[in-house]
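Written below as structure tokens is the structure these notes are about.
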Amino acid sequence: MRRLGPSTEGFYDQLLKSCNFLASLRQIHSSLTTSGLINQALHLGAKIIIKYTTYGEPNTARSLFNSIHNDKSYSFLWNTMIRAYANNGHCVETLELYSTMRRSGISSNSYTFPFVLKACASNSLILEGKVVHGDIIRTGFLSDSYVQAALVDMYAKCGQTDDGCKVFDEMSVRDLVSWTVMITAYEQAEKPEEALILFQKTQQEGLLSDSVTIVSVASAVGQLGDVLKAQAVHGYAICNAFLEDLCIQNSIVAMYARCGNVEKARLVFDMMEKRDLISWNSMLTGYIQNGQASEALLLFDEMQNSDCKPNPVTALILVSACTYLGSRQLGRKFHGYIINSNMKIDATLRNAVMDMYAKCGDLDTAENMFNDIHPSERNVSSWNVLIAGYGMHGHGRKALEFFSQMLEEGVKPDHITFTSILSACSHAGLIDEGRKCFADMTKLSVKPEVKHYACMVDMLGRAGCLYEAFDMIKQMPLPPNDSVWGALLLACRIHGEIAANYLFQLEPEHTGYFVLMSNIYAASNKWREVGKLREDMKNKGLKKPAAFSVIEYGKDIQGFHTADRVNPYWKEVYKKVESMAVEIKMAGYMPDLSCALHDVEDEDREHMLNYHSEKLAVAFGIMNLTPEAVVQVTKNLRVCNDCHSAFRFISYIYRRKIIVRDANRFHHFEGGTCSCNDYW
DNA sequence: ATAGGGTTAG
């Protein structure tokens, strides 16, 4: 075999560097093999292994590896193969190769561990990760900063932030990457304050951040929702000339949007010279998070004309928006779009479309879609969608049927399944069945969480089993939180005041409970208490989240907020609500003044009731839809008692089917009654 | 001797 000079190696090096296709890679590979160079210059072989793997040919890479790693004590090639696997998501193979490496007596080094840990991190393999941690200690590589950072990252990605923090604290020297790993860890663990404190420390230590750090920090600020901090991050990026970086621009767009400042997000978005999928998807999400669905739709049109084509994530964002808005018509349009575009529809997207149909009131289509999925392809979420969908409509029996069918088919229910089935039982008043499901949880090895107790309390409370509900709270093995007390408060107004005291200790900032509590006081005419609560709210700077209701009309959507004077049809709609109020009063409707939280005379308070967003939307529907059409409205908050009662009368007098989806469930009004039987 | 860690939309 002829020994080739270094100039030949350099030539191949160049060749590999500029090689962009699988075909040319194969050519280089075969030419190196025939010349025998591949056995002499292993770094060339290593580069080919990496390239094959990134081109989706891990098996070719592996056979090349198998044919050239003849020197048993040589860890370089092993590390290369492990790196190739780990960086391309072949987590099982990474760990398999690592264990072969150990069994063959090849010693690992500081280049081995970061990749093995990465494989553990990306699949949340905490047990394997801990074994590797042990190996690291035994082989004496714990002092290496790359290994340390990878360890912190592994623990964090496996959800064990505390263990990661322990490793971090014990590090003697921390470089920028270790700090960033820890900042990201806190951000991912939804502890944005901690993340920002760490970032402050990097600044105090005089460390210069790079773009990765900024992206993490921006994302932490987004979680925090603090516009001022967002501006500071934006400013920092400008001052340090980071704003050229596409990732940073994207993260700033998302950050502003999550802080509620979509206008600023759009400004940054518009100023970008290049946009990738993440840019468009971030902006779309931003509009939807801020309730600006129509802007999102305009942007989607623009996106289709851009050089960046929508991907499944885009579709997921749009479909979820329709779910949120309750717009079946738009949802159907996007579903059609998804089918016609050639995008890959994975289980997540398909389930999201099913969920859209179920939550927009078209259970038949949801169920048909479900039936079209091959039984082996149905995952827990597919079942959860149907169970939750039927539950929201008050069809508890049907939800239970799906639940038992799911068990028969051997699909293991998860915590969401039980939340859905328990709330289905609650809405349908199926207490015995609900108790049984709750008991089954432990048998099916799903540990009851606080939210499941909240469902139980809600169910028992509604059904009038107040003491059992209260006992349930007292006997919980977990500390009851605001939602548990809130469930008791919502369901049984009689025990409201007891629950309220606990509630305000636990969740002093939660606006919803203030509102609920003032309703309870108002219902028993305790106006002094109502006033005091409202004073409290004002002092704490709390505002009730703005109510809005949405109805489809023609090819468009009409949205109304409380006492709306922005909607173009408001004047006609006001007239209609007022005349309807007169008519249903003659039929026996009594305005429920406790639903109006205003310090005004009764007559005005009654007047105010007319302008609740859901009443405006329903009136709009009755005015504009054909008489036989169902008036379907989606409200972002819980439907109020007064509107609920009014809709019963309206459905009777005007002979209309009215469907209202509120934050909790569907209400089908027909002939003077509601499918929720007046408890919801 | 060759080689390496952290980030953004859902």
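Letters go in sequence order (proteins before strands), and every chain restarts at 1. Predicted model, so just to flag it, every value in this text is computed and none were measured.
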Could you tell me how far apart [X] ([atom1]) and [N] ([atom2]) are, to the nearest whole angstrom?
X	N	atom1	atom2	answer
Leu198(A)	dG6(B)	CG	P	18 Å
Phe115(A)	dG6(B)	CZ	P	8 Å
Glu190(A)	dG10(B)	CD	C1'	14 Å
Tyr111(A)	dA3(B)	OH	C1'	6 Å
His43(A)	dA1(B)	NE2	C1'	10 Å
Asp245(A)	dT7(B)	CG	P	14 Å
Asn311(A)	dT8(B)	CG	C1'	14 Å
Lys118(A)	dT7(B)	NZ	P	8 Å

Consider the side chain of [X], meaning its heavy atoms from C-beta on, and name the nucleotide among [options] that approaches it most closely.
X	options	answer
Asp210(A)	dG5(B), dG6(B), dT8(B)	dG6(B)
Ser110(A)	dT7(B), dA9(B), dG4(B)	dG4(B)
Thr285(A)	dG10(B), dT8(B), dG5(B)	dG10(B)
Asp153(A)	dG6(B), dG5(B), dA9(B)	dG6(B)
Asn87(A)	dA3(B), dT7(B), dG5(B)	dG5(B)
Thr184(A)	dT2(B), dT7(B), dG4(B)	dT7(B)
Val215(A)	dG4(B), dT2(B), dT7(B)	dT7(B)
Ile278(A)	dG5(B), dA9(B), dA3(B)	dA9(B)
Asn109(A)	dT7(B), dA9(B), dA3(B)	dA3(B)
Asn79(A)	dA3(B), dG10(B), dG4(B)	dA3(B)

Check whether more than 12 heavy atoms from other residues, nucleotides or ligands sit under 6.0 Å from atom NZ of Lys229(A), and answer yes or no.
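12 or below, so no.
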
With a cut-off of 6.0 Å (strictly less than), are more than 12 heavy atoms of other residues, nucleotides or ligands near CG of Asp270(A)?
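It does: Asp270(A) CG has more than 12 such atoms within range.
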
Under 3.5 Å, is there a donor-acceptor pair between the [X] and [Y] side chains?
X	Y	value
Ser99(A)	Arg103(A)	yes
Ser209(A)	Tyr236(A)	yes
Ser75(A)	Tyr111(A)	no
Asn384(A)	Asp414(A)	yes

For [X], answer base if it contacts any base atom (sugar-phosphate contacts may also be present), sugar-phosphate if it contacts only those atoms, and nothing otherwise; contact means non-hydrogen atoms under 4.0 Å.
X	result
Asp276(A)	nothing
Ser320(A)	nothing
Ala149(A)	base
Thr314(A)	nothing
Leu176(A)	base
Leu316(A)	sugar-phosphate
Ser279(A)	nothing
Lys157(A)	sugar-phosphate
Val181(A)	sugar-phosphate
Asp144(A)	base
Thr80(A)	nothing

Under 4.5 Å between any side-chain heavy atoms of Asn281(A) and Ile278(A), yes or no?
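Not touching, per the 4.5 Å side-chain cut-off.
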
Can you tell me if Arg83(A) touches the phosphate of dG4(B), counting only side-chain N or O atoms and a distance under 4.0 Å to OP1 or OP2?
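Answer yes for this pair, as a side-chain N or O of Arg83(A) is under 4.0 Å from OP1 or OP2.
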
Taking only the side-chain nitrogens and oxygens of Gln188(A), find out if one of them lies under 4.0 Å from OP1 or OP2 of dT8(B).
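So the side chain of Gln188(A) is within the cut-off, an N or O lying under 4.0 Å from OP1 or OP2 of dT8(B).
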
